[in-house]
Structures are given as C-alpha cells and as structure tokens.
Amino acid sequence: MTSTTTAHDEASALAIDGGPPVRSRPLPWEFPGGNRIGTEELELINRVVKAQSPFRFYGPDLQHMVDTFEREWCEKFGHRHALGVSSGTAALSIVMGALGVGPGDEVLVPGLLWVSCISAVVRAGAIPRLVDIDETFCINPDDLERKIGPRTRAVLCVHISGAPGDLTRISGICRSRGVALIEDCAQAAGASQYGRAVGTFGDIGIFSMQLNKTITSGEGGVVVTQRDDLFRRAVAMHDLGYARDDDGRIDTSDESCQLWGIGARMSELAGALGLAQLRKIPDIVSSMRDAKWRIRRALEGTDGLEFRDIIDPSGDSGLVLIFTLPDEPTCRRFIDALRAEGISGPSGSLAVVTMQEWGLHWYCNIPSLVHKRSNSRDGAPWTHPANAFAADYEYAAGALPGCDDLRSRGALLSIGSTYAEADIDDIVAAFRKVARELL
Ligand SMILES: Cc1ncc(COP(=O)(O)O)c(C=O)c1O
C-alpha cells in the first residue's frame, strides 16, 4: 500500500480520534471533463472567435461547431437525433413541450432525481408523481407498475450517478402501458446497458454538460431521440417555437409546428467546447470506470459495507461510487472519519458526502415540491382544475420508504478522472481502516 504524503499504518488509531491520517494532500477535483480541458478545446474555441461567428445558425464565417458536435454525438452513441441546447434543465423543459405534457397529465419521477426534473413538469402545468427507488438507486419497476394510472402521460427515469436502473423492464412496462419514456441521462454520458447507449431506450432523453458531468461546456445540454416527430418539435421548442430554413432564418409557415419556444439554443462557443470534450469521452469514462471498480472490488466483502446494485458494470460510466452503511449514525460517523483520513478534495469540492447532504437530489429536500409552490399567483399547476385528481399527492419525507431508507444510510464518493495509483490506494486504505473500527 502506498500513500501520497503520510506514512501510515492501517492498524493505527482513526484520524478522527487523533491518529495519523492516511493522506494529507487533497484528492484532485472531481470534475471529469473539466479536469481535462486543454489545447483541443482552445483550438476549437479560437476558430469560432477568429471567425467572429458565435451563433449557430448564421454568421460571416460559420464554423459549424454545434452541427459537428451533434453529428459526432449521434455517431458515437447511436442516437438518431441529437440537439445541442443551453442546459440539461432547459432540455427537460423542451422534452415536456415536445411530448405535449400539460394540465391534466402526471409525469412519474423517482424520489432520487434532480430538482430540474420536477421543475420541468411543474412549469409545463402537469403534476409530478413520485415513484420509489430500489437498490439500483433508480426507479423501482414494481412501484412504477403500481403507480402508472389513467393520468400518466410519461415516465421520467433518472440514470443517477452514471448508471441506469433496469432499463429492459422499465422500457417494457412503459411500452405495454402506452406511456412515453423519458431518460434523464444528465449524469450518465458515456454509460450504456448491455451494449446499448443510454438515451436509446426511451422515446426521448436528455444529457447535461454542466461542470459536474462526464463532459462539460460550462453550461450545456443535449436532447436525443430516435423519433423524427419529437425531434422536430424539440428543435422548435429549443428555439423560438418554429423551424428554420436553410439559411438559418425562422420559418413560421408550417402550421403543424407553431409552438412557444424557450430560447435555449447552444452557442458556437459552447459547441466548440462540447465537441472537444465529446472526443475525450472514451478516455474520461474508461479512467473513471477503472478507478471506481478497482476501489469497489477491493472493498467488496467488507462486513457492513454494501454497494449499489449496478445492472451492467461494463456500461457504468464510473462517475460516482454509491455505498450504504447499516444505519444513519454509523453512516454519518463513517463519512466524518473518511474525511479525517484525508479522503476529501480541495476546499469547496465534494469528494465524499452522505446522501442526506446531497441536497436537491432527494424529493423531500426540495421545499418548492414539499410545499407545492408556484411561480404564478394562481398557485398553478397544483390549483388547476384539470389537476384536481392529484389533490392528495404528498411530497414530504415519508412518501417513499425505499428512498427514505437509502437516503438515511447511503453515501457517495465522487470518482476523479485523474486519479493516480496512489490516490486509489489511499482511498481503499482509508475505507478499510475506518471500516475496521466502525463496522
Ligand atoms: C439528473 C439531472 N437532471 C438534470 C440536470 C440539469 O442539468 P443542468 O445543470 O445542465 O441544467 C442535472 C444537473 O445536475 C441532473 O443531475
């Protein structure tokens, strides 16, 4: 066993109790693509700046960065259509518009998600209905089957932390019940299941390129779909509500595509950054997956330490290692002890956190949901007459027992894309040392 900075002995006292820490140098920042921004990104951005053409649809010397990004994205992952947009949050709203979700509809969402999943549904005027999760930390197919009802318009499944739940079952349920499947792949770029890329299982899907994601354009997102009709509507939605002609000018003439757009286009600068990052996805994902599974395999079998169920480990993007401890107090103490052993990044980073600290990822941590808040004075969508069917839906803690259990005793380690051998060794050593004392 090696250590980056401190000679240590696994048998010594825990650092939290005054013993020597496993390491004293911070782990690298966790940003997978962000850590690898370099000359390739600079070169493509320079081309856009030199051409004075930062808008994707026209300009004096268009470099077609967003077009190229979308084309290469489809080639890499097998999506029929990809549309670069301004963020993952915008992408979710675009999806609601593309599917025509509105008052009178409910969209089923897992209790472990991101606030943007809920806000997209609520801003569309529809009602989010909570579904529990299972040991995959993704939607529980049994609870999903129970909750699909006459009002269900779509199921939004979230591939949390780089790996999807049981997509064969989930997509089968949606198909047989006639509801649309939306894949939120914001945290899972580069992931797949049994050889099929995420985002190809559902009717439509989204990705994010915010800094914490597999690749980044600072802010950015992608809408993907295999369906031509949804793509056409998504293109109009992300723009001004209409199609564009071959010169990139708005074309309002098609009566079948006159919508209300949200102005969430991707700029050529974000396209250039995204394109350079997209080309690095294989390297980023293989380094994260390799590091994560080396850590996990070294720790499997440790009494009291359990790992998230991953349906197809070979398709895991490796972004995050999720684990559980026997109970809430042990979980809190375990994470504090790991931090004391030096398993933490630079100030402001989130290397290890308890699930309770994971903020707006949990349904019951979202005050606007728990209290059914509205952006408008009339209290919509909760007060809309077409949504009266949902009057007794509850969103406070206690609504989903599976979520509440995993939230109370779960934790996660963000996996860096630039870990050295010594970083991995130190993480394993710290887990073993803390487990020996606390479990
Ligand atoms: C699951 C999930 N969906 C959607 C989003 C929204 O993406 P963005 O931050 O690009 O708006 C995020 C971002 O954190 C996410 O984690």
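Computed over heavy atoms, backbone and side chain alike; hydrogens, waters and symmetry mates excluded. In each ligand, atom 1 is the first atom listed, and ligand 1 is the first ligand listed.
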Task: Option nearest atom 2 (C) of ligand 1 (shortest heavy-atom distance, choices Ala264, Ala186, Gly221) - done: Ala186
Task: The one among Gly88, Ala91, Ser86 that brings a heavy atom closest to atom 7 (O) of ligand 1 - done: Gly88
Open item on the list: Between Gln193 and His159, do the side chains contain a donor N or O and an acceptor N or O under 3.5 Å apart?
Closed with: no
TODO: Please identify which atoms of ligand 1 are closer than 4.0 Å to at least one heavy atom of Ser116.
DONE: 6 (C)
Task: atom 11 (O) of ligand 1 [closest protein heavy-atom partner, distance rounded to 0.1 Å] - done: Thr89 OG1, 2.5 Å
Task: Partner of Cys403 under side-chain contact (heavy atoms from CB on, under 4.5 Å), chosen from Asp132, Val131, Asn140, Asp134 - done: Asp132
- [ ] Considering only non-hydrogen protein atoms, determine which one is nearest to atom 9 (O) of ligand 1 and report residue, atom name and distance to 0.1 Å.
- [x] Gln210 CB, 3.7 Å
Open item on the list: Closer than 4.0 Å to some heavy atom of Ser87 - which atoms of ligand 1 meet that?
Closed with: 10 (O), 11 (O)
Open item on the list: If you count every heavy atom of other residues, nucleotides or ligands that lies below 6.0 Å from Glu394 atom CD, does the total exceed 12?
Closed with: no
Task: Numbering as shown, the atoms of ligand 1 that approach Val158 to under 4.0 Å (heavy-atom distance) - done: 1 (C)
Task: Residue selection (non-hydrogen contact nearest atom 13 (C) of ligand 1) among His361, Lys213, Met209, Glu219 - done: Lys213
Open item on the list: Among Glu268, His64, Glu70, exactly one meets side-chain hydrogen bond (donor to acceptor under 3.5 Å, both in side chains) together with Arg56. Which residue is that?
Closed with: Glu70
TODO: Report the C-alpha distance between Tyr363 and Asp404 in whole Å, list the side-chain angles of each, state the deciding distance to 0.1 Å, and finish with yes or no for side chain to side chain donor-acceptor pair (under 3.5 Å).
DONE: CA-CA 10 Å; Tyr363 73 98; Asp404 297 347; 2.7 Å; yes
Task: Backbone or side-chain N or O of Asp184 under 3.5 Å from ligand 1 N or O - done: yes
TODO: Considering heavy atoms of the protein only, find what lies nearest to atom 5 (C) of ligand 1 and give residue, atom and distance to 0.1 Å.
DONE: Trp114 CD1, 3.5 Å
Open item on the list: Can you report which non-hydrogen protein atom sits closest to atom 16 (O) of ligand 1, along with the distance?
Closed with: Gln187 NE2, 2.8 Å
Open item on the list: Quick check on Asp290: does its CG atom have over 12 non-hydrogen neighbours (other residues, nucleotides or ligands) under 6.0 Å away?
Closed with: yes
Open item on the list: Are more than 12 heavy atoms, taken from residues, nucleotides or ligands other than Glu306, located less than 6.0 Å from that residue's CD atom?
Closed with: no
- [ ] Please determine if Arg265 forms a cation-pi arrangement with Phe57, meaning its NZ or CZ atom is less than 6.0 Å from the six-membered ring centre and no more than 45° off the ring axis.
- [x] no
